[in-house]
Amino acid sequence: MSTRKDKFSKKDKKYMSLALTLASVRHGLTGENPSVGCVIVKNDEIISIGQTGYKGRPHAEYNAIKNSNETLEGSTMYVTLEPCNHYGQTPPCTKEIIKNNISKIIYSVNDIDKKVKGKSLKILKSKNIIVKKGLLHEEITDFYKTYFFNRKNKIPYVTGKIAMSKNYLIYSKGAKRITDIHSDKLTHFLRYKNDSLMISYKTLNQDNPKLDCRLKGLNKFSPKRIILDNKLKMNTNSYIFRTANKNNTIIFYKNAIKAKISVFKKKRICLIKSNLSKNGHFDIKVILKKLYNLGCRNLLVEGGNDLSKNIIKQKLFNQFYLFKSSKNLSKLVAYKDFNCFKDLSQKYRNKKKIKTKLGKDSITIYKK
């Protein structure tokens, strides 16, 4: 059986690097399935490539096989994740590989899915197909950390994001923007890479945000809006309410009156009744489990101080982006500070921390 100690050539590494790039492009856009990249090579030439389809289907191997304009007999397939071997909504990729007489398969890491893990190697080798694994193992394992986290914990991978001024304010009346345009673009990129985005009704009523991705050509990948609103106090004149429907908005509530519930149901918004914890806040762990069951795999939280603090204290952020502007905001008008900065530093004190500059702003990324 092949192991991670197998020797791979520079060309092998080059082809697998391309497969990883293909997978990276679709990261966060493949629904409940992992994003996979696939490259097919014959006579030292790339003859086809494939990626997991948007929303997770078709699979990368299937797409690469169908994208080829020539026979695949005698070719080598490079794929970032172990090919699937079971029937779901589509036939198994191993069946397509065998059917098309591909001679050699090189994949990086085993799938964590029990229906797949380790089984494809046996199936393919039984058909005299050469199988090797472990190429770029460390790099690709790191790429699949969100997928492995999802499968293991049955909750979304959670990314936090908040912007503050140089004097630690996250809101000052009259100030429309805290960070510069470069940080704003990174925020929209994070929205593009996450399938869902969570805020509280307080943030919604205060800022009237759109919560969409406004990078050119990527607006169709805007995340689903998740609103925490116990008594359904959301402003019904807000952009989110006016554009809400059952497919793009989920609202969690607990103690709303029937009249309020009726107003929201008329909009056909997805309303989910959820319990509060002892401190009077929503039980975030319960909400994460419900979101996972609804297909959410990558959740971005753009909450205010209270929501962020609640999640930080429970150590539920897998990573947190703290944007800090180079400018101060006024304290002479209504303002709100970011008083959970110390909580963030303490809870993630012994974890990986990345500091960088983006335009005039600084960004600190805390990771578990």
Side-chain angles (χ1 to χ4, degrees), residues 31-32 146 149-162 170 191 194-207 209 211 223-236 238 240-241 243-320 336 338-340 343-344 346-348 368:
E32 299 177 21
T146 58
F149 178 85
N150 290 156
R151 287 284 184 172
K152 182 179 179 181
N153 298 283
K154 306 299 181 186
I155 60 174
Y157 189 89
V158 185
T159 299
K161 176 264 171 183
I162 206 162
I170 58 174
R191 292 177 179 180
N194 285 270
D195 53 57
S196 305
L197 194 164
M198 178 188 287
I199 64 170
S200 70
Y201 81 92
K202 291 180 181 178
T203 297
L204 187 150
N205 287 347
Q206 178 178 280
D207 299 339
L211 306 183
K224 183 171 290 188
R225 295 93 61 99
I226 314 298
I227 315 298
L228 304 185
D229 189 0
N230 178 19
K231 297 182 180 180
L232 298 182
K233 291 184 177 181
M234 180 197 298
N235 185 346
T236 53
S238 66
I240 296 298
F241 184 85
T243 59
N245 58 55
K246 64 180 180 180
N247 297 316
N248 68 6
T249 306
I250 298 174
I251 300 177
F252 287 91
Y253 77 102
K254 172 61 177 176
N255 296 316
I257 61 175
K258 289 184 179 180
K260 280 279 189 179
I261 295 172
S262 178
V263 170
F264 282 75
K265 283 190 173 180
K266 283 181 180 178
K267 283 285 292 181
R268 303 192 71 179
I269 296 172
C270 179
L271 288 178
I272 300 177
K273 195 169 185 178
S274 189
N275 292 331
L276 305 180
S277 58
K278 292 179 181 179
N279 60 12
H281 297 294
F282 280 103
D283 190 325
I284 300 298
K285 289 183 180 179
V286 170
I287 285 177
L288 292 179
K289 288 178 181 179
K290 289 183 178 180
L291 288 175
Y292 181 86
N293 291 334
L294 290 169
C296 172
R297 295 295 179 267
N298 295 281
L299 175 68
L300 178 64
V301 179
E302 291 190 33
N305 188 78
D306 293 342
L307 178 56
S308 296
K309 190 169 187 174
N310 186 17
I311 300 176
I312 289 169
K313 282 190 171 182
Q314 297 182 68
K315 293 186 179 180
L316 292 174
F317 282 121
N318 296 94
Q319 59 182 359
F320 192 97
K336 291 184 179 180
F338 184 56
N339 64 28
C340 58
D343 292 314
L344 183 61
Q346 289 173 357
K347 293 291 184 182
Y348 294 83
K368 273 189 175 180

Exercise for review: Would you list the pairs meeting ring-ring contact (aromatic ring centres under 6.0 Å, His included) in which at least one residue belongs to residues 251-289, sequence neighbours left out?
Suggested key: Phe241-Phe264
Point to revise | Interatomic distance, Asn153 atom CG to Asn318 atom CG [nearest 0.5 angstrom] | key: 8.0 Å
Exercise for review: Any chance you could measure Ile251, atom CD1, to Ser274, atom OG, to the nearest 0.5 Å?
Suggested key: 13.5 Å
Review point. So which heavy atom on Asn279 is nearest to which on Asn310, and how close?
Key: ND2-OD1, 4.3 Å
Review point. Is any side-chain heavy atom of Leu204 closer than 4.5 Å to a side-chain heavy atom of Ile199?
Key: yes
Check your understanding: Can you check side chain to side chain contact (heavy atoms under 4.5 Å, CB included) on Met234 and Ile227, steps first, answer last?
Key -> CA-CA 9 Å; Met234 180 197 298; Ile227 315 298; 3.9 Å; yes
Review point. Are more than 12 heavy atoms from other residues, nucleotides or ligands located less than 6.0 Å from atom NZ of Lys309?
Key: yes
**Study point:** Check: Leu228 and Ile284 side chains under 4.5 Å, non-hydrogen atoms
**Key:** yes
Point to revise | Closest non-hydrogen atom pair between Ala244 and Thr249, with its separation | key: CB-OG1, 3.5 Å
Point to revise | Residue pairs passing the salt bridge (charged side-chain N to carboxylate O under 4.0 Å, His left out) test where at least one lies in residues 293-303, sequence neighbours excluded | key: Glu32-Arg297, Arg191-Glu302
Practice item. Starting from the C-alpha separation in whole Å, work towards a yes-or-no answer on side chain to side chain contact (heavy atoms under 4.5 Å, CB included) for Val263 and Leu232. Key: CA-CA 10 Å; Val263 170; Leu232 298 182; over 6 Å; no
Check your understanding: Quick one: does Asn245's side chain get under 4.5 Å of Arg268's, heavy atoms only?
Key -> no
**Study point:** Side chains of Val158 and Leu316 in contact at under 4.5 Å (non-hydrogen atoms)
**Key:** no
Exercise for review: I would like to know whether Cys296 and Leu294 meet side chain to side chain contact (heavy atoms under 4.5 Å, CB included); could you show each step before the answer?
Suggested key: CA-CA 6 Å; Cys296 172; Leu294 290 169; 5.8 Å; no
Check your understanding: About how many Å separate CE of Met198 and CD1 of Ile287, when rounded to the nearest 0.5 Å?
Key -> 5.5 Å
**Study point:** Shortest non-hydrogen contact between Thr203 and Gly303, atoms and distance
**Key:** OG1-C, 4.2 Å
Review point. Measuring from Ile170:CD1 to Ile162:CD1, what's the distance to the nearest 0.5 Å?
Key: 4.0 Å
Review point. Should we count NZ of Lys246 as having more than 12 external heavy atoms under 6.0 Å?
Key: no
Review point. Just how far is it from atom OG of Ser200 to atom NZ of Lys233, taken to the nearest 0.5 Å?
Key: 12.0 Å
Review point. Around Lys290, counting heavy atoms of other residues, nucleotides and ligands shown, do more than 12 lie under 6.0 Å from its NZ?
Key: yes
Exercise for review: Please confirm whether the backbone N or O of Thr243 pairs with a side-chain atom of Asn248, one donor and one acceptor, at under 3.5 Å?
Suggested key: yes
Practice item. Kindly indicate, with the supporting measurements, whether the criterion side chain to side chain contact (heavy atoms under 4.5 Å, CB included) is fulfilled by Asn275 and Val286. Key: CA-CA 8 Å; Asn275 292 331; Val286 170; over 6 Å; no
Check your understanding: Are there more than 12 heavy atoms of other residues, nucleotides or ligands under 6.0 Å from atom NZ of Lys267?
Key -> yes
Practice item. Would you check if the side chain of Asn235 reaches a backbone N or O of Asn205 as a donor-acceptor pair within less than 3.5 Å? Key: no
Point to revise | Asn255 side-chain N/O to Asn230 backbone N/O, donor-acceptor pair under 3.5 Å | key: no
Practice item. Kindly indicate whether the side chain of Leu197, heavy atoms from C-beta on, has any atom under 4.5 Å from the side chain of Arg225. Key: no
Exercise for review: Check each of Asn298, Leu300, Leu288 against Pro156 using the side-chain contact (heavy atoms from CB on, under 4.5 Å) test, and report the only one that passes.
Suggested key: Leu288
Practice item. Please round to the nearest 0.5 Å and tell me the distance separating atom NZ of Lys289 and atom CD1 of Ile155. Key: 8.0 Å
